[in-house]
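This report concerns only the one structure given below.
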Amino acid sequence: MKASHILLLLAAIAVAGAVVWRFRPGWLPDLVANHLPARSGEAPPLYKWRDAKGRLNVTSTPPADRPYEVVRYDPDTNVVPSGSGKP
C-alpha cells in the first residue's frame, strides 16, 4: 500500500470514530468512552461504587481500590422549562 492510501484509511477511521462519538456514544466500549473528553453540552461521567460497609457512593472520580460503574446522565433531566408550570 502506498503511504497516501494508509493516510486516507486512517483519516476515514478517524472521521468514523468522531461521528460515532458525536451521535452514538453508547456504541463505544467503556474502555474507550472513559478516556474521551465529554461532548459539549454533556455532563462528565459519575462513578458509582460501594464502600467497605456496603454503602453506595457516587463520585466524580473513580475509586482506586474497588470495582465501580460509570454512570452517564443527561444534565437536563427533570428540568422544567420556565413558563410551563403553575406558580
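- Asp51 pairs by the salt bridge (charged side-chain N to carboxylate O under 4.0 Å, His left out) definition with Arg55, not counting sequence neighbours.
- Between Lys48 and the choices Val70, Thr59, Val58, the side chain to side chain contact (heavy atoms under 4.5 Å, CB included) rule is met once, by Val58.
- Here the straight-line distance linking atom CD of Glu69 with atom CG of Leu46 works out to 11.0 Å at 0.5 Å rounding.
- Shown here for Arg50 and Arg66, the closest heavy-atom pair between the two residues is O-CD, 2.9 Å.
- Within the structure, salt bridge (charged side-chain N to carboxylate O under 4.0 Å, His left out) contacts touching residues 8-20 (residues at least two apart or in different chains) do not occur.
- Scanning all heavy atoms of the two residues, the minimum distance from Ser60 to Tyr47 falls at O-CE1, 3.3 Å.
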